[in-house]
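Structure record follows, encoded as structure tokens.
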There are 2 protein chains.
Amino acid sequence: MPAAYDSAEKRSELVRAARELLHQRGFHRTSLADVAELARVPLGNVHYYFRTKERLAEAVIRSHEAALRERFELWSKKHADPRKRLRELLRAPLDSSDSVIQFGCPHGSLCQELEKLASGTPLAKAGARLLTVYVDWCAEQFQALGAKPREARALAEQLVSSMQGTMLLAHTMRSRELLASQFRRIEVWLNGVVPKN
Amino acid sequence: MPAAYDSAEKRSELVRAARELLHQRGFHRTSLADVAELARVPLGNVHYYFRTKERLAEAVIRSHEAALRERFELWSKKHADPRKRLRELLRAPLDSSDSVIQFGCPHGSLCQELEKLASGTPLAKAGARLLTVYVDWCAEQFQALGAKPREARALAEQLVSSMQGTMLLAHTMRSRELLASQFRRIEVWLNGVVPKN
DNA sequence: GTCTATAAATTGATAGAC
DNA sequence: GTCTATCAATTTATAGAC
């Protein structure tokens, strides 16, 4: 079915373009015309695939969510040691540090913008789920390391908070050094937490 | 000079209204009409006091900055022990936890929005200065506790990152518990860091 | 299914009377 | 200095031709 194939192709191309622009310029500063242009789709056609700008943003969030779960699954398969899995999580922002410094965390900054721009709506709730996915997965890893459920949850919240706060600060101050040194510190903390007996 | 007094009065009333709305709805979702209404000033009059919406936002940031410096000065006078000063900083978000849960940190969320909405402009740079004020003051306190300049800087970045990340997470997840438990943990960390010999 | 043209709404900014 | 009325621009969303 070539028609359906082309359709799905254009749809995912729109999502890809929107994901990039939402990260770089944010939701408000990204117009549908921008997305259409980057995806090489005529403006009026966007509404055939997505009824509203909000729906397009929701699709972007779902794509982020799928990508996150995919990475988590990959790391779980790659390492038997949960600590090594968490170390991969810590290294990811450093591997794309240019982008983090210039535009912030693609998940955290989107969450924050949607909380202001669309607080209470399904869109903001979808955004919030992104951070939940992080915390839930981290909590699983800490539990696998031997922490009790409540403790694992607290450690997960601490890890995600530290990462998000550091990315916000490093982005705002445009400091790659801050990002690197703080993430190194978090890794040291990670190596010593929930010690094996 | 009663005319000038009324003028200054209206001006500062506009800033007060804008500060409240910027925190609750963010920059983009706050229209000049909203600000004018809350400040009880006719819409067309806003432009007499502030040439553009950006200038109004800059005035809001300056007012945040002044309030921050005032608080820091107060705490410095109140406590000879820098650790006690930093503890006050940690308690402040808990004292206004309802507002933090519902709208996030008034400084951090503004920074993040301006980085997306007005990246590179004087307005975004003014916003970034807010976080710098935090870090600089914290670094001074850690140095007064006996830390070397570089170490004090790193500790300040860690403290501010943890606070900002926690507020982002607690706001996004609407969890007062998360806010309280993580801030308690940060306070425990603070009590043990840079130990007196 | 695809696209052009345009409607509709919001809102920042200004002109000009008083 | 103060305010009303309005302009101008942006952008989401839709109507309708092909």
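Side-chain contact between B/Q158 and B/W189 is present, with at least one heavy-atom pair separated by less than 4.5 Å.
Minimum interatomic distance between B/F183 and B/M163 (heavy atoms only, all atoms of both residues): CE2-CE, 3.9 Å.
Taking the side chain to side chain contact (heavy atoms under 4.5 Å, CB included) definition, one finds that A/R19 meets it with A/R16, A/V60, A/S63, A/H64, sequence neighbours left out. Taking A/T132 as the reference, nothing meets the side chain to side chain donor-acceptor pair (under 3.5 Å) condition, with sequence neighbours excluded.
Ring-plane geometry between B/H23 and B/F103 is classed as perpendicular, the angle between the planes exceeding 60 degrees on a 0 to 90 degree scale with a lower cut at 30.
Residues A/H79 and A/E88 have side chains that bring a donor and an acceptor to within less than 3.5 angstrom of each other.
Residue A/Y49 places no side-chain N or O under 4.0 Å from the OP1 or OP2 atom of C/dG1. Between A/Y48 and the phosphate of C/dT2, there is no side-chain N or O to OP1/OP2 separation shorter than 4.0 Å.
In this structure, A/L56 places its CG atom 15 Å from P of D/dT11, rounding to the nearest Å. Atom CG in A/N45 sits roughly 14 Å away from atom C1' in C/dA5 (whole-Å rounding).
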Using the 3.5 Å cut-off, write out each protein N or O paired with an N or O of nucleotides 10-13 of chain C and the distance between them.
residue : atom : partner : partner atom : Å
C/dG12  : OP1  : B/K53   : NZ           : 3.2
C/dG12  : OP2  : B/L32   : N            : 2.8
C/dA13  : OP2  : B/K53   : N            : 2.9

